[in-house]
Each structure stands twice: as structure tokens, then as C-alpha cells.
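Data first, discussion second: the structure below is written as C-alpha cells.
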Amino acid sequence: MKELVEVIAKSLVEHPEEVVVSEKETGKATVIELKVAQSDMGKVIGKQGRIAKAIRSVVKAAASKSDKKVIVDIV
């Protein structure tokens with residue numbers, strides 16, 4: 001899942017070298033934190049959060065095979 005979020009984020013931003021994705025395992029879920037440059041934050045979130053919601057939907061669909069809950073946080 002980490003690689004999927006990284007590929008999507010790097011294709012959206014102007015500074016792909018500043019994209020940092022970290023993954024943390026909790027009890028029932030996996031938390032994926034996405035950090036981008038401040039100037040690219042709007043591109044990752046999108047108008048009214050549409051792009052962020054789309055990223056979360058894609059990750060949720062990919063995670064449904066493994067029966068794990070995946071949470072994507074944009075920091």
C-alpha cells in the first residue's frame with residue numbers, strides 16, 4: 001500500500017523528491033502518512049478534498065483483498 005500511495009502522490013506534485021510516505025501498523029489498521037512540500041499540498045488535497053478522497057478510495061479498494069483497514073493521513 002505504501003508504494004501505491006507514493007506513486008500516486010509523486011505523479012500529482014511538482015516536487016516529487018519531497019514526497020515522503022511512512023507506514024505504521026496498529027492493532028486492526030494500517031496508517032499510511034503522506035508528507036508533501038507545502039506548495040504541493042493543494043494538489044494532493046484537491047478542491048473540496050476530492051483528490052484526497054480518491055486516493056483513499058483507491059487504497060481502500062486495494063486493501064480489501066487483504067481484509068485490513070488502511071487509513072491514509074495527509075500531513
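All values below were derived from every heavy atom in this structure, side-chain atoms included, with hydrogens, water molecules and symmetry-related copies excluded. None of the values given here were measured: they were computed from a predicted structure. We're numbering straight along the sequence, starting at 1.
The environment of Glu17 atom CD is dense: over 12 non-hydrogen atoms of other residues, nucleotides or ligands sit within 6.0 angstrom. The number of heavy atoms from other shown groups lying within 6.0 Å of CD (Glu25) is above 12.
Without hydrogens or angle criteria, Asp73 side chain to Glu33 main chain gives no donor-acceptor distance under 3.5 Å.
A salt bridge is absent between Lys2 and Glu6: the closest approach of a Lys/Arg side-chain nitrogen to an acidic carboxylate oxygen does not fall below 4.0 angstrom.
Both Val21 and Ile45 belong to a single network of hydrophobic side chains, linked directly or stepwise wherever heavy atoms of I, L, V, M, F, W or Y lie under 4.5 Å apart. Both Leu4 and Val72 are assigned to one and the same hydrophobic cluster, defined by single-linkage of ILVMFWY side chains at heavy-atom distances under 4.5 Å. Val58 and Met1 fall within the same hydrophobic cluster, defined by Ile, Leu, Val, Met, Phe, Trp and Tyr side-chain heavy atoms under 4.5 Å apart, directly or through other members. A continuous path of ILVMFWY side-chain contacts below 4.5 Å connects Ile8 to Ile74, so both sit in one hydrophobic cluster.
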message: Before you tell me yes or no, could you show the steps for Val70 and Lys60 under side-chain contact (heavy atoms from CB on, under 4.5 Å), namely the whole-Å CA-CA distance, both residues' side-chain angles and the distance that decides it to 0.1 Å?
response: CA-CA 6 Å; Val70 178; Lys60 185 177 178 182; over 6 Å; no
query: Is there a side-chain contact (heavy atoms from CB on, under 4.5 Å) between Val36 and Met41 once you walk through the steps?
result: CA-CA 6 Å; Val36 296; Met41 192 64 75; 4.1 Å; yes
task: For the pair Ile32 and Ile71, evaluate side-chain contact (heavy atoms from CB on, under 4.5 Å) and give the outcome as yes or no after the intermediate values.
output: CA-CA 6 Å; Ile32 298 175; Ile71 301 167; over 6 Å; no
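Looking only at side-chain heavy atoms (C-beta outward), Val13 and Val19 come within less than 4.5 Å of each other. Here the side chains of Glu14 and Ser39 are not in contact, with every heavy-atom distance at 4.5 Å or above.
Within the model, atoms CG of Leu12 and NZ of Lys43 stand 9.5 Å from one another, a figure rounded to the nearest 0.5 Å. Atom OG1 in Thr26 sits 9.0 Å away from atom NZ in Lys69 (nearest 0.5 Å).
Shortest non-hydrogen contact noted between Pro16 and Lys10 is O-CE, 3.6 Å.
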